[in-house]
Amino acid sequence: MAGRKALILVENLSVPFDRRVWQESTALRDAGWEVHVICPRGAKRDTEPYAEVEGVRIHRYPLRAATGGPLGYLREYGTALWHTFRLARRVGPVDVVHACNPPDLLFLVALAMRRRGARFVFDQHDLVPELYLSRFGRGEDLLYRAVRLLERLTYRAADVVIATNESYRDVAVGRGGKRPERVFVVRSAPVVERFHQVPVEEGLRRGRPHLLCYLGVMGPQDGVDYALRSLARLRDELGRTDWHAVFVGSGDTFDDMVALSRELGLADQVEFTGRIPDDDLLRYLSAADVCLAPDPLNPLNDVSTMNKIMEYMAMARPVVSFDLREARVSAGEAALYAPANDESAFAKLVARLLDDPGERRRMGEIGRARVSGPLSWEHSRTALLAAYEAALPRRAGS
């Protein structure tokens with residue numbers, strides 16, 4: 001595949017901050033591809049309009065995050081699509097357009113570039129119809145039918161589909177009508193070398209014996225509210241005040257979650273850091289006794305791989321999660337599972353782990369072994385290159 005040119009399109013995060021897209025970009029670069037990425041600019045990092053990072057050429061555009069419900073997202077996606085078309089023309093002809101959703105609109109760019117010979121690889125990060133149902137709670141209304149249509153058109157346009165797990169692959173084959181041999185599972189996996197223990201700083205526990213940690217996005221479907229209510233139950237129903245909790249990350253419900261923590265009387269035991277540098281993340285995860293995966297059961301979460309769980313396991317931390325199908329696939333025995341959306345049961349499992357350091361250690365070792373072995377990026381890298389090979393037309397004599 002040496003000498004080929006790939007264009008990766010992503011709308012919801014900047015690059016290289018988007019870990020999955022960055023891993024894919026560097027894997028293709030290492031395989032001899034000339035890699036271009038079009039993405040939004042970050043707020044505090046990845047702010048340059050153009051950067052070449054470790055041989056990957058990144059073209060960034062300004063984008064204001066959506067506010068105000070579905071119409072806000074329509075404005076955001078429309079702006080992103082216009083900028084993506086503009087920058088794609090600047091990149092010029094490519095062999096492969098690799099579009100990462102959401103939104104399911106980027107197939108329009110791929111179709112435009114197909115006229116100059118490009119193949120289209122659809123990298124399905126989210127099931128957008130399920131995301132819509134889970135995020136907005138509006139049921140199967142007109143906008144839901146519109147996102148179903150866009151998903152169908154994206155599947156139809158794609159030469160190859162990349163799925164993040166087997167559940168997504170089943171949707172691509174079933175609902176999407178793709179032939180099984182044209183759908184490849186490229187799991188999101190942490191770079192294990194990036195996650196390593198650092199000396200535990202007792203001060204991070206704010207004078208308490210235990211530290212709990214949440215890492216991830218804070219959106220309506222991410223369950224930070226479930227985590228906070230579970231912690232209130234840990235205090236009120238189980239009488240446990242021997243912990244401090246840190247919530248690392250940001251998102252469009254960040255301010256609401258800070259306010260909720262105050263309403264629940266947790267302000268002196270819960271800390272919100274926002275997004276932090278990797279070095280600080282390692283400090284918190286190294287000190288954490290239990291990590292929280294409070295994503296509630298909904299149509300999207302049940303079939304999605306949670307990056308937070310993979311990163312907790314890379315740090316050999318035990319996890320408490322709600323009982324979701326793909327959470328079990330990812331974590332196996334590295335997590336304890338509360339019945340879906342049961343905050344009292346979630347709190348009891350946290351307390352159980354706080355009282356059992358041997359079990360915490362055993363679960364952490366299981367998780368680290370999983371992300372270093374069967375769930376490692378090396379397996380996903382092989383699948384990614386196979387997907388690209390399948391997308392390309394056969395050369396004469398091959």
Side-chain angles (χ1 to χ4, degrees), residues 12 65-70 72-73 102 126 130-139 210-238 240-241 243-276 284 288 290-309 311-312 317 319-327 331 335-351 353-354:
N12 61 338
T67 57
Y73 281 89
D126 282 312
E130 282 79 0
L131 175 61
Y132 180 82
L133 292 174
S134 302
R135 189 176 184 94
F136 298 114
R138 296 162 59 104
H210 301 294
L211 182 67
L212 311 177
C213 188
Y214 171 91
L215 165 64
V217 176
M218 298 184 188
Q221 75 276 11
D222 295 304
V224 176
D225 54 335
Y226 282 84
L228 291 170
R229 290 192 295 266
S230 295
L231 295 181
R233 291 178 183 273
L234 180 64
R235 178 196 61 196
D236 298 337
E237 296 177 4
L238 303 176
R240 300 293 295 259
T241 58
W243 51 269
H244 180 72
V246 61
F247 286 74
V248 178
S250 189
D252 52 10
T253 64
F254 179 88
D255 292 339
D256 292 337
M257 294 303 99
V258 174
L260 178 60
S261 73
R262 292 171 180 156
E263 290 171 19
L264 294 169
L266 293 171
D268 64 335
Q269 282 191 265
V270 172
E271 175 184 355
F272 291 85
T273 68
R275 288 178 178 167
I276 58 177
Y284 282 112
V290 178
C291 287
L292 310 177
D295 310 86
L297 176 66
N298 60 39
L300 179 69
N301 289 347
D302 195 39
V303 295
S304 296
T305 299
M306 302 301 172
N307 288 336
K308 66 173 75 68
I309 291 179
E311 294 181 348
Y312 296 155
R317 302 294 89 181
V319 182
V320 175
S321 170
F322 289 122
D323 195 357
L324 308 180
R325 185 194 321 175
E326 284 295 333
L336 298 181
Y337 304 94
N341 306 352
D342 186 331
E343 295 160 1
S344 291
F346 195 97
K348 289 175 183 175
L349 293 180
V350 172
L353 286 178
L354 292 182

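Computed from a predicted structure; not experimentally measured.
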Original post:
Side chains of Phe247 and Met257: does their closest heavy-atom pair fall under 4.5 Å?
Top reply: no
**OP:** With the side chain counted from C-beta on, respond yes when Arg317 and Cys213 share a heavy-atom pair under 4.5 Å apart, and no when they do not.
**Re:** no
**OP:** State, to 0.1 Å, how close Asp295 and Met306 come at their nearest heavy-atom pair, and which atoms those are.
**Re:** OD2-SD, 3.7 Å
Original post:
Does Leu231 reach the side chain of Leu264, with side-chain heavy atoms less than 4.5 Å apart?
Top reply: no
Subject >> Shortest non-hydrogen separation from Ser134 to Asn298 and the atoms involved >> reply: OG-OD1, 3.1 Å
Subject >> By salt bridge (Lys or Arg N to Asp or Glu O under 4.0 Å) - contacts of Arg275 (at least two apart) >> reply: none
**OP:** Search all heavy atoms of Leu353 against all heavy atoms of Val319 and return the closest pair with its distance.
**Re:** CD1-O, 4.4 Å
Subject >> Any donor-acceptor N/O pair, Asn341 side chain to Pro296 backbone, under 3.5 Å >> reply: no
Original post:
Considering all heavy atoms of both residues, which atom of Thr305 and which atom of Glu326 are nearest to each other, and what is their separation?
Top reply: OG1-OE1, 4.0 Å
Original post:
Please walk me through it: do Leu292 and Val350 pass side-chain contact (heavy atoms from CB on, under 4.5 Å)?
Top reply: CA-CA 9 Å; Leu292 310 177; Val350 172; 4.0 Å; yes
Subject >> Flag, side chain of Arg235 to backbone of Gly265, donor-acceptor distance under 3.5 Å >> reply: yes
Subject >> Minimum side-chain heavy-atom gap Leu215-Tyr284 below 4.5 Å >> reply: no
Subject >> Check: Thr253 side chain, Met218 main-chain N or O, donor-acceptor pair, under 3.5 Å >> reply: yes
Original post:
Is the closest side-chain heavy-atom distance between Asp323 and Pro339 below 4.5 Å?
Top reply: no
Original post:
How long is the span from the CG atom in Leu228 to the CG atom in Asp256, to the nearest 0.5 Å?
Top reply: 11.5 Å
Original post:
What is the distance from atom SG of Cys291 to atom NZ of Lys308, rounded to the nearest 0.5 Å?
Top reply: 11.0 Å
Original post:
So, does Tyr226 use its side chain to make a donor-acceptor pair with the main chain of Glu343 at under 3.5 Å?
Top reply: no
**OP:** Flag the pair Asp252 / Pro220 as yes when at least one side-chain heavy-atom distance between them is below 4.5 Å, and no otherwise.
**Re:** yes
Original post:
What is the minimum heavy-atom distance between Ser304 and Leu300, and which atoms define it?
Top reply: OG-O, 2.8 Å
Subject >> Nearest atoms (heavy-atom pairs only) where Ile309 meets Ala327 >> reply: CD1-CB, 3.9 Å
Original post:
With under 30° as parallel and over 60° as perpendicular, where do the rings of Phe322 and Phe346 fit, or are they tilted in between?
Top reply: tilted
Original post:
Which residue pairs satisfy the side-chain hydrogen bond (donor to acceptor under 3.5 Å, both in side chains) criterion with at least one member in residues 213-224, sequence neighbours excluded?
Top reply: Arg135-Gln221
Subject >> Distance, nearest 0.5 Å, that separates OG1 of Thr241 from NE2 of His210 >> reply: 10.5 Å
